[in-house]
Amino acid sequence: MTTKKLGVNTICTHTGEVKDTQFGGAISPIYMTTSYPFMDVDVKRYPRYFNTPNQKAVADKIAALEHAEAGMVFGSGMAAISTTLFAFLSHGDHIVLANEIYGGTFNLIVEEFDKMGIEYSFTEGIEVNHFEEKIQSNTKIIYIETPSNPLLSITDIEGVARLSKSQGIMTMIDNTFASPINQTPLDLGIDVSIHSATKYLGGHSDISAGAVASSERNMDIIWNKAKNLGGHLNDFIAYLLERSIKTLGVRVDRHNSNAQYIAEYLDIHKAVEKVYYPGLESHHNHDIAKKQMHGYGGMLSFELKSDYNAVTFQNNLKLIKPSMSLAGVESTILLPSLTSHGLLTAEQRMEIGISDNLLRFSVGIEDVNDIIADIELGLRGSEF
Ligand SMILES: *Cc1c(COP(=O)(O)O)cnc(C)c1O
């Protein structure tokens with residue numbers, strides 16, 4: 001089947017699937033084996049070689065969704081990110097990273113890179129010129145994350161790709177928040193797209209996985225590092241991820257429409273100071289988002305007015321769960337000031353626009369009126 005001409009939901013449902021030649025079953029059989037023949041075979045299979053039938057099935061599906069030549073799946077988003085970075089960076093190299101970046105990625109850089117003699121710079125903003133400012137003669141990679149966490153800022157993907165190409169620098173994106181349904185960065189010139197598949201690709205808050213998609217040539221380089229680091233995905237979880245992605249398109253459509261509805265509702269609400277959602281025309285980067293995204297996603301943040309207590313609000317909720325993770329079918333919410341950004345001082349948080357009343361909302365696929373009713377329930381009784 002040539003995947004180029006298939007629609008995105010057909011790719012989600014079918015691409016990559018393993019044919020059950022033994023019984024003709026409708027879905028990919030699960031092959032849990034760690035032992036495959038090595039004589040008289042074209043491919044030597046082994047889980048840590050990232051080439052078992054179930055690993056290949058889901059990796060091929062993700063590659064097709066990302067419009068990439070090839071893909072690989074990992075045991076977590078961080079396994080995918082660390083393996084990919086270490087595959088292309090050596091002692092003496094330099095990387096430029098967006099300043100609004102996932103906390104785990106930030107920790108990987110600041111805790112491990114010095115020891116390995118890899119230099120890094122974080123930008124002072126997420127505009128193309130902020131990346132340009134930090135380029136050095138030894139810069140090998142520019143690494144972006146858009147939409148960002150938790151303020152949903154948007155980086156001009158094509159602009160960064162063009163800048164990097166002109167200087168012979170490689171580009172990587174953490175595409176987790178958008179999912180390949182809402183954003184296909186390789187089409188815009190990015191070299192490598194990375195996912196925490198624990199989020200939208202898995203989508204049911206029950207599996208940990210990661211994914212990378214790129215050219216055959218780049219994936220060979222990543223594979224050579226990956227087999228040494230050993231961050232592969234277990235075959236049963238690979239099967240669950242394949243199963244999850246069958247509904248990725250329909251899930252993300254619903255996340256998009258629910259989030260847009262709720263963003264518009266909150267935007268004119270008397271209890272709300274500000275809403276951050278790239279689908280709102282008032283969003284600081286709406287024009288770029290409109291140009292490069294196919295949908296605006298299920299993540300939004302909002303700040304309650306100072307006469308509301310965000311902690312009480314969160315505790316009053318019945319349907320929306322306070323939770324560290326995101327992108328599941330169920331709605332979850334968190335206070336960045338107490339969680340992801342809890343180690344910063346209140347002053348440092350204000351500097352980057354994260355007030356104590358800011359809530360990051362992962363909008364689920366429930367009926368939107370039930371979500372709205374829960375927000376109203378939370379607001380009642382959280383007024384000072
Ligand atoms: C969760 C997340 C990661 C890390 O993924 P894990 O599966 O937890 O290792 C990386 N980037 C983003 C944007 C994430 O949300």
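Counting starts at 1 for both ligands and their atoms, in listed order. Source: prediction; values computed, not measured.
- Here the heavy atom of the protein found nearest to atom 7 (O) of ligand 1 is T198 OG1, 2.6 Å.
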- [ ] Please report the C-alpha distance between N256 and N182 in whole Å, then the side-chain angles of each, then the deciding distance to 0.1 Å, and finally whether the side-chain hydrogen bond (donor to acceptor under 3.5 Å, both in side chains) criterion is met.
- [x] CA-CA 9 Å; N256 289 347; N182 285 334; 2.9 Å; yes
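- At the shortest separation from atom 5 (O) of ligand 1 among protein heavy atoms lies S196 OG, 2.9 Å.
- The residues D367 and R254 are annotated as salt-bridged, a charged nitrogen and a carboxylate oxygen being separated by less than 4.0 angstrom.
- Close N/O approach between L326 and ligand 1 is not found [any backbone or side-chain N/O within under 3.5 Å].
- Among the atoms of K199, some N or O lies under 3.5 angstrom from an N or O of ligand 1.
- Numbered from 1 in the order shown, with element, the atoms of ligand 1 that lie under 4.0 Å from a heavy atom of I81 read 10 (C).
- A donor-acceptor pair is defined here as one N or O able to donate and one able to accept, closer than 3.5 Å; such a pair exists between the side chain of N258 and the backbone of G364.
- Side-chain atoms of R349 come within 3.5 Å of backbone N or O of L344 as a donor-acceptor pair.
- For ligand 1, the atoms lying closer than 4.0 Å to a non-hydrogen atom of E145 are 13 (C).
- When only interatomic distances are considered, the shortest N/O to N/O separation between F177 and ligand 1 does not fall below 3.5 Å.
- With ligand atoms numbered from 1 in the order given, ligand 1 contributes 5 (O), 6 (P), 9 (O) to contacts under 4.0 Å with heavy atoms of M78.
- Residue contacts with ligand 1 do not include N149, since none of its heavy atoms lies under 4.0 Å from the ligand.
- A distance-only check finds no donor-acceptor pair linking the side chain of K321 to the backbone of T332 [under 3.5 Å].
- No donor-acceptor pair closer than 3.5 Å links the side chain of T83 to the backbone N or O of A226.
- Within the 3.5 Å criterion, the main-chain N or O of F74 finds no donor-acceptor partner in the side chain of H232.
- Atom 13 (C) of ligand 1 has as its closest protein heavy atom D174 OD2, 3.4 Å.
- Nearest approach of A70 to A63, heavy atoms of both residues: C-CB, 3.6 Å.
- Scanning all protein heavy atoms for the shortest distance to atom 4 (C) of ligand 1 gives Y102 CE2, 3.3 Å.
- When only interatomic distances are considered, the shortest N/O to N/O separation between S208 and ligand 1 does not fall below 3.5 Å.
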